[in-house]
Amino acid sequence: MSMKKRVGILISGRGSNMVSLIEAARAPEYPAEIAVVISNRPSAGGIALAQQAGIATVVIDHKDFATRMAFEAKLHQALLDAKVDLICNAGFMRMLTGGFVDRWKNRQLNIHPSLLPSFPGLDTHERALRDGVRIHGCTVHFVRLEMDTGPIIAQAAVAVLAGDTPESLAQRVLAAEHKLYPHALSLVASGAVTVEDEEVTRHHPDDPPPPLFSPALRR
Ligand code: GRF
């Protein structure tokens, strides 16, 4: 029986991070498998890429639903149907309500193109250049209700170079994203990290096993 965690990837667009996860998950020793790719946009380029890779795809167009909750109920059911353990948001451009976020708490990851908590939201590369930072990068974190917040699993730094444009910087950050996301997912799927008190704790092989009870209960 496979012990791999089953992953649902949520996309809205081109899906290059999705492809990096699909490719990583092909390795026999990788601790996760991609069970389904779900797009909220019928026009997302990533859908064809997932199909070419032989992954099941589902389109749930948010415009077909009167409320966010109705859309999310359908999304939740599609994830349950695919027997998903973990969700990876990969360029998924839809805000989620507390009900959905809570149901998947510590089981939903997101990738963001900045070193959070700097530059949450959109246009991160333009803003990084405008503010003159010398180090930029990307973050994979667990999803919480507030956009681009939540316990940080892993980050990759990218140097800002003289003459960088938002496009050139975006390109180098994206290359880092494609390495970071598979790494972060493997940390979560293998159980190498867990969340305690809203912080991600890394369990090294030599560490004692994680406590059976939360710190609050042991006190
Ligand atoms: C990436 O930069 C990701 O960090 C952000 O949206 C972009 C999606 O790109 N959340 P892709 O669809 O994975 O190519």
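Ligands are counted one by one from 1 in listed order, and the atoms in each one are counted from 1 as well.
- The single protein non-hydrogen atom nearest to atom 10 (N) of ligand 1 is Ile111 O, 3.1 Å, given as residue, atom name and distance.
- For the pair Asn17 and ligand 1, the shortest N or O to N or O distance falls below 3.5 Å.
- Look at Glu198 and Arg144 and you find a salt bridge, because one of the NZ, NE, NH1 or NH2 atoms lies within 4.0 Å of a carboxylate O, short of that distance.
- Ranking the protein heavy atoms by distance from atom 6 (O) of ligand 1 puts Gly91 CA, 3.7 Å first.
- The two residues Ile11 and Ala44 have their closest heavy-atom pair at CD1-CB, 4.2 Å.
- Ion pairing between Asp85 and Lys4 fails under the 4.0 Å rule for side-chain N and carboxylate O.
- With respect to atom 12 (O) of ligand 1, the closest heavy atom belonging to the protein is Gly15 N, 2.9 Å.
- Annotation: Met18 places no N or O atom under 3.5 Å from an N or O atom of ligand 1; distance criterion only.
- For a threshold of 3.5 Å applied to N or O pairs, the pair formed by Gly13 and ligand 1 contains no separation below that value.
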Q. Given His203 and Thr194, is the side chain to side chain donor-acceptor pair (under 3.5 Å) satisfied, shown in steps?
A. CA-CA 8 Å; His203 308 287; Thr194 50; 2.6 Å; yes

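- Looking from atom 3 (C) of ligand 1 to the surrounding protein, the closest heavy atom is Glu177 OE1, 3.2 Å.
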Q | His112 and His141: CA distance, side-chain angles, deciding distance, side chain to side chain donor-acceptor pair (under 3.5 Å) verdict | A | CA-CA 8 Å; His112 181 75; His141 62 97; 5.9 Å; no

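- From the protein, the heavy atom lying nearest to atom 9 (O) of ligand 1 is Arg14 NH2, 3.3 Å.
- When the shell of 6.0 Å around CE of Met69 is examined, it contains 12 or fewer heavy atoms from other residues, nucleotides or ligands.
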